Each structure stands twice: as C-alpha cells, then as structure tokens.
Amino acid sequence: MFIEDYLFNEFPELRPYQLISLFGMTKEGIKAVTDKKIIELSPKNTLYNSKIYNIISALHFRSIYGIDLINELQTTQNEMKVAREMYIEFQEYRDDRGAGEEYELVQHWANDLKLDKFFELIDENEFRNKRSDLDSLLENIENDPYDLKSDQSFKQKEMDKFQQSQKEIGTNMAVVMFMVDAMQYFAKLSMDKVRSIAFEIALIGTQGIRPDQKGYIVGSVPEKSFSGYHLLAYYYVSWAIAEPDKLDSLNLPFNNEYEMAKTMHRPTK
C-alpha cells in the first residue's frame, strides 16, 4: 500500500497501468473470499482474515482512484468495523512514516488478527549475515555457544511478548503437569546428569523455544519428544535443581507453576 502510494504520487505517467493492476488484484481478492467453492473449502479463520485484508485493499484502492468495489466483498458489519480500524492505523502512518515503520504496521495487524505466530520479523543485517554452510555454523556455535554476541533486540521483543502472554494466561496448568513429569524424571538421575540436560536445553533455547511448537528433541533425554511447553517445563526444573542460583537469568515466568508442581510431586522412596 505504501509502494502504491509512492507510485501514484511520484510517477503519474504510470497511473493507467496502476489502475488496471489494482482493479485486477481487487477483483481477484473479491473472488477469493466470495466464491462459494472457496468458502466451502476454506477454514473460517483463514477466510475471515483474508476478508479483512481484502477490505483494507479495497479501501485503499477507493482512496486513490475513487472506484468502490467494497460491496462486492459481501462484508459483515463486524468485518467492516475491524478493517476500517486497521485502515485508519495505516492512514496514521501514511503521510508521516519513518524508515522501516511499515513493518510495525505489518506486526500490529498480525497481532490484531492473531497471525503473528505464523511469521517473524528479524533485523535485516542479522538475516543477511547468517551463515548458511555447516562449517561456519559449527564454528559460530563453538565461539558463541549461548548466542550472546548476536543482536538481542529481536529476542528481547519475543521474550517480552511471551511473558505478557503468560501473564494473561495466569497459572498455566499444562506447565505444572509437565513440571511434575520433569521432577519425576530427574529424581532418578545424578546431579551431574541433570546439569548436563539443563545445559543442553539452554543451548536449544538460544535458538528460541516456541510454546506451541512440537517435535523438540533433547539428545540427553532420548526417549521423549517435547512440545514447546513441555520443554520449557524441563528447562525450568532442570535449572531449579542443578543451578538454582542462576534460575532467574532464564526469565521464564513459571515461579507459581513450579511451586504448585512441588506440592503435587511425590518423591519415590
């Protein structure tokens, strides 16, 4: 949308081509959310979110060329309300936008529609400097095993978002039960073994542990495949047992869950 504004304002000789292009894309968007077969096959959430974005595009098309195709989108009152509010946010950025602020809008809209878990925005320099071959990746792990030297701003943002979501959940009973499982598992192991597992999970944590993801593997715990919350519970408990003085440095908001898990855990005699 920002690019289309730029083209419209800076290259008036391209407007006939832009009009045809935007008209065609808007019509395609209308078909994508009103075709009966598509509606029948599409998940409701996907269809709803697609409808919102297409309404926003239609509002933008109308604002530059005065052609109103919004009624063809067959919108509900709620869909129009949500889309208008998001479009108003775009207008606030439209004529007073700093470099890169368009990405803030992308993130805000994704948060509003709960689409943020499907992508992530990362610093461009960090992305371009990522090592793609195995040798350099292994060298980087050896030189910085806990990823302490890379740009931490994105990771801090993710951590802040995670902590806020946990605050909204309150006591997470799934984490409590996973912690009880961890306590039972670690009770059979030596302190050195628990410490080894704690460090291995910490290494996994440097690349990010997503609560809703599945299939995490910990080499020191070969008989298990972990979901994100399951692994976070093992992460917390292993450090609480092996390195309790460093527990706060994990920044995991599971103090209440841990206290509750301790009352539920019955050590084997």
Side-chain angles (χ1 to χ4, degrees), residues 45 111 114-120 134 137-138 140-150 152 154-269:
N45 255 5
N111 293 344
K114 295 181 172 54
L115 295 171
D116 51 310
K117 64 183 178 181
F118 298 112
F119 73 97
E120 60 185 23
L134 182 59
L137 178 60
L138 290 174
N140 181 63
I141 291 174
E142 290 175 354
N143 294 334
D144 185 18
Y146 292 101
D147 200 23
L148 300 176
K149 298 176 184 176
S150 65
Q152 298 296 308
F154 170 73
K155 292 179 181 178
Q156 184 58 49
K157 181 178 178 182
E158 288 293 287
M159 176 60 76
D160 291 343
K161 184 166 69 173
F162 169 66
Q163 291 180 331
Q164 179 59 36
S165 69
Q166 296 310 300
K167 187 182 296 183
E168 292 170 0
I169 291 172
T171 301
N172 190 322
M173 290 307 299
V175 171
V176 172
M177 300 311 297
F178 287 140
M179 284 183 168
V180 173
D181 174 55
M183 290 173 184
Q184 292 171 344
Y185 184 82
F186 293 137
K188 307 170 187 175
L189 306 179
S190 68
M191 186 63 71
D192 285 344
K193 181 64 174 176
V194 175
R195 184 174 289 108
S196 174
I197 293 173
F199 288 156
E200 183 176 353
I201 298 175
L203 188 58
I204 297 171
T206 63
Q207 303 305 312
I209 299 173
R210 294 189 171 276
D212 55 351
Q213 189 168 317
K214 296 181 179 180
Y216 287 103
I217 300 297
V218 180
S220 303
V221 190
E223 64 271 31
K224 289 182 180 289
S225 175
F226 294 88
S227 68
Y229 272 125
H230 198 175
L231 186 59
L232 287 169
Y234 266 61
Y235 191 10
Y236 192 101
V237 173
S238 63
W239 280 76
I241 294 171
E243 298 287 344
D245 57 322
K246 297 183 178 67
L247 187 59
D248 289 344
S249 66
L250 301 184
N251 290 319
L252 292 176
F254 296 141
N255 293 1
N256 292 339
E257 285 79 358
Y258 184 61
E259 292 303 317
M260 185 177 294
K262 285 195 294 185
T263 66
M264 298 172 65
H265 172 54
R266 295 291 180 266
T268 55
K269 296 182 180 180

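Computed from a predicted model, the values in this text were never measured in an experiment. By convention here, the first residue in the shown sequence is residue 1.
Side chain of Tyr234 to main chain of Phe178: no donor-acceptor pair is present (N/O by atom type, distance under 3.5 Å, no hydrogens or angles). Side-chain atoms of Glu200 come within 3.5 Å of backbone atoms of Gly219 as a donor-acceptor pair (strictly under, hydrogens ignored).
Considering CE of Met264 and CE of Met173, their distance stands at 5.0 Å, rounded to 0.5 Å. Within the model, atoms CD1 of Ile209 and CG of Leu252 stand 7.5 Å from one another, a figure rounded to the nearest 0.5 Å. For the atom pair CG (Asp181) and CZ (Phe186), the distance works out to 9.0 Å, reported to the nearest 0.5 Å. Put simply, CD1 on Ile197 and NZ on Lys193 are 5.0 Å apart, with the number rounded to the nearest 0.5 Å.
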_Step-by-step side chain to side chain contact (heavy atoms under 4.5 Å, CB included) determination, Met179 to Met260_ = CA-CA 9 Å; Met179 284 183 168; Met260 185 177 294; over 6 Å; no

*With side chain to side chain contact (heavy atoms under 4.5 Å, CB included) as the test, would you mind laying out the steps for Met177 and Tyr229 before giving the verdict?*
CA-CA 10 Å; Met177 300 311 297; Tyr229 272 125; over 6 Å; no

*What's the verdict on side chain to side chain contact (heavy atoms under 4.5 Å, CB included) for Leu232 and Glu257, showing C-alpha distance, side-chain angles and the deciding distance?*
CA-CA 12 Å; Leu232 287 169; Glu257 285 79 358; over 6 Å; no

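Side-chain contact between Leu247 and Tyr236: present, with at least one pair of heavy atoms (C-beta onward) separated by less than 4.5 Å.
Sparse packing is recorded around NZ of Lys214, with 12 or fewer heavy atoms of other residues, nucleotides or ligands lying under 6.0 Å away. Taking a 6.0 Å sphere around CG of Asp248, one finds it holds 12 or fewer heavy atoms contributed by other residues, nucleotides or ligands.
Closest heavy-atom contact between Ala261 and Met183: CB-CE, 3.7 Å. The two atoms that bring Ser220 and Tyr185 nearest to each other are O-OH, 4.0 Å, heavy atoms only. The two residues Tyr216 and Gly228 have their closest heavy-atom pair at CE1-CA, 3.8 Å.
When each of Val194, Leu189, Val218 is checked for a side-chain contact (heavy atoms from CB on, under 4.5 Å) with Ser238, only Val194 meets the rule.
Taking the six-membered ring where the residue is Trp, the centroids of Phe199 and Trp239 are separated by under 6.0 Å.
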